[in-house]
Amino acid sequence: MLSAYRGATLQIHAGWKVGLTGANGSGKSSLFAMLRDQLHPDQGDLDMPPAWVIAHVAQETPGLAQSAIGYVLDGDAELRRIEADLAAAERTGDDAHNGTHIGELHARLHEIDGYAARSRAASLLDGLGFSQSDIERPVADFSGGWRMRLNLAQALMCRSDLLLLDEPTNHLDLDAVIWLEAWLRDYRGTLLLISHDREFLDACVTHIAHIEQR
């Protein structure tokens with residue numbers, strides 16, 4: 001149930017970068033939860049392209065033995081599915097049907113730029129302040145603030161249609177904030193960004209949606 005809004009209408013066009021502003025408790029995070037299908041409106045409708053891929057920053061990071069770069073690569077779910085399917089197909093054998101399937105998987109991997117995925121993940125980690133030696137360290141080695149940076153990198157790794165960011169600069173230093181501003185300006189999907197930092201919003205968004213009095 002969502003009671004934060006009454007009589008409100010909002011239309012966001014594909015490719016818009018929208019800063020979502022309003023006082024604490026006004027319903028910004030509730031809107032994100034509704035877009036992620038975690039909350040549902042009591043009345044009214046939410047219409048969104050059904051095939052859209054939505055990326056968001058996880059709020060928890062378990063103490064994994066997985067490497068930092070492996071964790072970031074998990075953000076591209078299709079990449080990971082193709083990699084798993086390829087590994088399974090290559091174990092199956094070398095009949096003609098399986099060979100065709102392997103060829104199709106490699107073709108799709110090429111279409112999504114999968115061969116450069118590790119390089120993209122490393123670039124995200126570098127931009128967010130991780131050193132070259134950090135990328136192979138286990139996730140469990142990092143403090144809470146650095147794990148939140150890993151969560152942000154994982155969200156950015158997703159080839160999303162809609163990116164939801166809630167105060168993404170909270171755990172970033174100035175260099176990482178400047179890098180993130182540039183990354184978001186180049187992002188080709190639709191962005192919804194919650195932030196109280198006016199300069200950061202000015203650098204990243206094209207529109208503002210302000211929530212007030214429901």
Side-chain angles (χ1 to χ4, degrees), residues 2 4-41 44-59 72 75-78 112-113 116-117 120-121 123-129 148-214:
L2 187 68
Y5 312 109
R6 294 187 184 278
T9 298
L10 174 65
Q11 184 175 22
I12 296 174
H13 295 277
W16 279 13
K17 297 174 181 177
V18 181
L20 191 60
T21 64
N24 290 336
S26 62
K28 300 185 297 295
S29 296
S30 295
L31 178 59
F32 274 23
M34 186 167 63
L35 290 167
R36 295 177 53 214
D37 203 30
Q38 294 180 322
L39 287 177
H40 301 91
D45 299 298
L46 171 65
D47 296 316
M48 190 163 50
W52 267 21
V53 175
I54 301 175
H56 72 284
V57 179
Q59 295 304 304
V72 172
D76 191 332
E78 185 181 7
I112 66 171
D113 201 23
R120 289 189 284 118
S123 178
L124 291 172
L125 288 167
D126 178 69
L128 290 172
M148 288 306 298
R149 293 193 192 207
L150 288 175
N151 287 347
L152 175 57
Q154 188 182 75
L156 301 183
M157 186 68 193
C158 177
R159 290 173 296 104
S160 58
D161 301 289
L162 174 62
L163 177 58
L164 305 176
L165 295 181
D166 189 345
E167 300 288 359
T169 62
N170 277 357
H171 300 279
L172 303 183
D173 56 25
L174 180 59
D175 287 343
V177 169
I178 293 170
W179 175 87
L180 182 60
E181 288 175 355
W183 194 95
L184 292 175
R185 283 196 296 270
D186 290 338
Y187 174 63
R188 295 184 180 182
T190 302
L191 171 67
L192 272 180
L193 170 64
I194 297 172
S195 179
H196 289 91
D197 185 334
R198 180 174 293 183
E199 290 185 4
F200 183 68
L201 287 170
D202 285 345
C204 299
V205 305
T206 57
H207 298 75
I208 292 291
H210 181 68
I211 302 169
E212 188 173 10
Q213 299 180 358
R214 295 190 169 186

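- The side-chain hydrogen bond (donor to acceptor under 3.5 Å, both in side chains) pairs that include a residue from residues 181-190 are Ser160-Tyr187, where partners are two or more places apart or lie in different chains.
- In terms of the side chain to side chain donor-acceptor pair (under 3.5 Å) criterion, Ser195 has no residue partners (sequence neighbours excluded).
- A search for side chain to side chain donor-acceptor pair (under 3.5 Å) contacts involving Asp173 returns nothing, not counting sequence neighbours.
- A 4.5 Å side-chain heavy-atom check between Leu162 and Leu164 finds at least one atom pair inside the cut-off.
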Side-chain donor-acceptor contacts of residues 196-205 below 3.5 Å, not counting sequence neighbours, with atom names and distances?
unit_1: His196; atom_1: ND1; unit_2: Glu167; atom_2: OE2; d: 2.5
unit_1: Asp197; atom_1: OD1; unit_2: Glu199; atom_2: N; d: 3.1
unit_1: Asp197; atom_1: OD1; unit_2: Phe200; atom_2: N; d: 3.1

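- The side chain to side chain contact (heavy atoms under 4.5 Å, CB included) test applied to Ala209 returns Leu10, Val18, Leu20, not counting sequence neighbours.
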Take Met148 and Asn170, measure what side-chain contact (heavy atoms from CB on, under 4.5 Å) needs, and give me the verdict at the end. CA-CA 9 Å; Met148 288 306 298; Asn170 277 357; over 6 Å; no
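- For Asp161, there are no side chain to side chain donor-acceptor pair (under 3.5 Å) partners at least two apart in sequence or on another chain.
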Throw together a table of side-chain donor-acceptor distances under 3.5 angstrom for residues 52-59, partners on residues two or more places apart or in other chains.
unit_1: His56; atom_1: ND1; unit_2: Arg36; atom_2: NE; d: 3.4
unit_1: His56; atom_1: NE2; unit_2: Arg36; atom_2: NH2; d: 2.9
unit_1: Gln59; atom_1: NE2; unit_2: Val57; atom_2: O; d: 3.1

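- One finds the NE2 atom of His171 at 9.5 Å from the CG atom of Asn151 (value rounded to the nearest 0.5 Å).
- In terms of the side chain to side chain donor-acceptor pair (under 3.5 Å) criterion, residue partners of Arg159 (sequence neighbours excluded) are, by chain and number, Asp76, Glu78.
- Note that the CG atom of Leu165 and the CG atom of Leu184 stand 6.0 Å from one another [nearest 0.5 Å].
- In terms of heavy-atom proximity, Lys28 sits nearest to Ile211 at CG-CD1, 3.8 Å.
- Evaluation of the side-chain hydrogen bond (donor to acceptor under 3.5 Å, both in side chains) test over residues 7-21, restricted to residues two or more places apart or in two chains, returns Thr21-His210.
- From Leu150, atom CG reaches atom CG of Leu125 across 6.5 Å, with rounding to the nearest 0.5 Å.
- Here the closest non-hydrogen pair linking Ile112 and Arg120 is O-NH2, 3.8 Å.
- The nearest pair of heavy atoms linking Pro168 to Leu180 is CB-CD2, 4.0 Å.
- Not counting sequence neighbours, the partners of Asp166 by the side chain to side chain contact (heavy atoms under 4.5 Å, CB included) test are Ser29, Phe32, Ile194.
- Taking CG of Leu39 as the reference point, atom CG of Leu46 lies at 11.5 Å (rounded to 0.5 Å).
- To the nearest 0.5 Å, atoms CG (Leu128) and CG (Leu124) are separated by 6.5 Å.
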